[in-house]
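The structure under discussion appears below in the form of structure tokens.
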Amino acid sequence: MYLIADIGNTRMKLAVFDKSHNPIYFNVNSYNIRHILSALKEIKENYKINKVFYSSVCFDRNDIFVSSVEDVLKKDVYRVTHKDIKLKGNLYEPKDSVGIDRVLSTYASICFEGYNENERYASIVIDMGTATTISVMTSDLIFLGGMIMSGTKTSYKALSSRTSLPYYEMGPIDSIPNPLNTNIKDAIMSGAIYNTIGSVHYGVNETKKYIKEKYNLKSKIFLTGGISNLKLLKCKIYPYLVMQGTYFNMIDKKFGR
């Protein structure tokens, strides 16, 4: 079994993968060292971990995770970087300035779908977290780029900080809200969610159109993270850690790490 971690801007996500590639999730909703140690101790008590991988977009948190794993699991930790992902091309400049999470998720989506050189396509991955990102990679592994916009909760907090509107803690988003609201709390939260829905729909449609015009490719769309459970688009939905697990499982077999 192996443990993978996603070190994001606001939280850390953990998952244990068994030999059949089934994930068992352990969410760490803050970077409080006690929460991290508690999750790792639970993992140690219930699973035999052979290898540990992680990717990060928040580098100042890396040492916390690595030292915690070494203390609790007594395992070395391998950080996946841009050098591990063997792409045919990357149009970002500089190339390693694109978030590792965006490259990993698009790469892994192609691992899921497979590649036939006679049926080249573009993979569009929407990840909705602190930021909502739309990332594109061709099936022959050329990262084309994409866009970054505010996440649902991020834009909601910005609204309350720049206006006289009140702030309400936003919990898990598990359904599309009523568009007609009769109180300020529901109106603000509904607006934040519909803002994301509209942005994602328009952004994906424009991205598909551009890819068709510039590269003459069909697109396959994947949702991962955040409010992907709302099924905003007709596409395949894979949790981000499943995406990561696909890639980490591959390098585990290839390099024996």
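Since the structure is predicted, the reported quantities are computational estimates derived from the model, not experimental observations.
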_Chi angles and distances behind the side-chain contact (heavy atoms from CB on, under 4.5 Å) call for Val72, Ile36_ = CA-CA 10 Å; Val72 177; Ile36 298 171; over 6 Å; no
_On a heavy-atom basis, which atom in Ile211 and which in Ser219 lie closest, and how many Å separate them?_
CD1-OG, 3.8 Å
*Give a yes or no on whether the backbone of Ser135 and the side-chain of Thr133 come within a donor-acceptor separation of less than 3.5 Å.*
no
*Sidechain-backbone polar pair: Ser160 side chain, Lys157 backbone, donor-acceptor under 3.5 Å*: yes
*Side-chain (Asp63) to main-chain (Asp60) donor-acceptor, under 3.5 angstrom*: no
*Any side-chain heavy-atom pair of Leu144 and Lys214 under 4.5 Å*: no
*Would one find more than 12 heavy atoms of other residues, nucleotides or ligands at under 6.0 Å from atom NZ of Lys220?*
yes
_Are Asp101 and Gln244 packed together at the side-chain level, in the sense that at least one heavy-atom pair is separated by less than 4.5 angstrom?_
no
*Find out whether Tyr115 and Leu141 are in side-chain contact, i.e. whether some heavy atom of one side chain is under 4.5 Å from a heavy atom of the other.*
no
*State, to 0.1 Å, how close Gly145 and Tyr92 come at their nearest heavy-atom pair, and which atoms those are.*
CA-CE1, 4.0 Å
*Check the pair Ser150, Ser155 against side chain to side chain donor-acceptor pair (under 3.5 Å), reporting the backbone distance first and the verdict last.*
CA-CA 6 Å; Ser150 295; Ser155 60; 5.7 Å; no
*Is the backbone of Ile64 close enough, under 3.5 Å, to the side chain of Ser68 for a donor and an acceptor to pair up by distance?*
yes
*Taking atom NZ of Lys209 as the centre, does the number of heavy atoms from other residues, nucleotides or ligands within less than 6.0 Å exceed 12?*
no
*Flag, side chain of Ser161 to backbone of Ala158, donor-acceptor distance under 3.5 Å*: yes
*Between the side chain of Lys185 and the main-chain N/O of Tyr168, is any donor-acceptor distance below 3.5 Å?*
no
*What's the shortest heavy-atom distance between Ala15 and Phe17, and which atoms?*
CB-CE1, 3.7 Å
*Near Asp76 CG, under 6.0 Å, is it more than 12 heavy atoms from other residues, nucleotides or ligands?*
no
_Least distance between heavy atoms, Asp84 atom then Val80 atom_ = OD2-CA, 3.5 Å
_Interatomic distance, Ile134 atom CD1 to Thr207 atom OG1 [nearest 0.5 angstrom]_ = 5.0 Å
_Contact between Tyr121 and Ile110 at the side-chain level, heavy atoms closer than 4.5 Å - yes or no?_
yes
*asked:* side-chain contact (heavy atoms from CB on, under 4.5 Å) for Met137 and Leu87? Distances and angles first, verdict last.
replied: CA-CA 10 Å; Met137 184 180 291; Leu87 300 180; 3.7 Å; yes
*Hey, are the side chains of Lys153 and Thr130 touching, using non-hydrogen atoms and a 4.5 Å cut-off?*
no
*asked:* Can you confirm whether more than 12 heavy atoms, excluding those of Glu93, are under 6.0 Å from its CD atom?
replied: yes
*Within a strict 4.5 Å, meaning less than it, do heavy atoms of the Ser123 and Glu113 side chains meet?*
no
*Arg79 versus Val66: any side-chain heavy-atom pair under 4.5 Å?*
no
_Basic-acidic side-chain contact under 4.0 Å: Asp127, Arg102_ = no
*Should Glu206 and Lys208 count as an ion pair when the cut-off is N to O under 4.0 Å?*
no
*Close side-chain approach of Leu217 to Ser139, heavy-atom, < 4.5 Å*: no
*Report the C-alpha separation of Asn178 and Asp186 in whole Å, then their side-chain angles, then the decisive distance to 0.1 Å, and conclude whether the side-chain contact (heavy atoms from CB on, under 4.5 Å) test is met.*
CA-CA 9 Å; Asn178 189 336; Asp186 290 343; over 6 Å; no
_Can a donor-acceptor pair be found, under 3.5 Å and without considering hydrogens, that links the side chain of Tyr194 to the backbone of Pro177?_
yes
*Kindly indicate, with the supporting measurements, whether the criterion side-chain contact (heavy atoms from CB on, under 4.5 Å) is fulfilled by Lys75 and Leu3.*
CA-CA 10 Å; Lys75 295 290 182 181; Leu3 171 69; over 6 Å; no
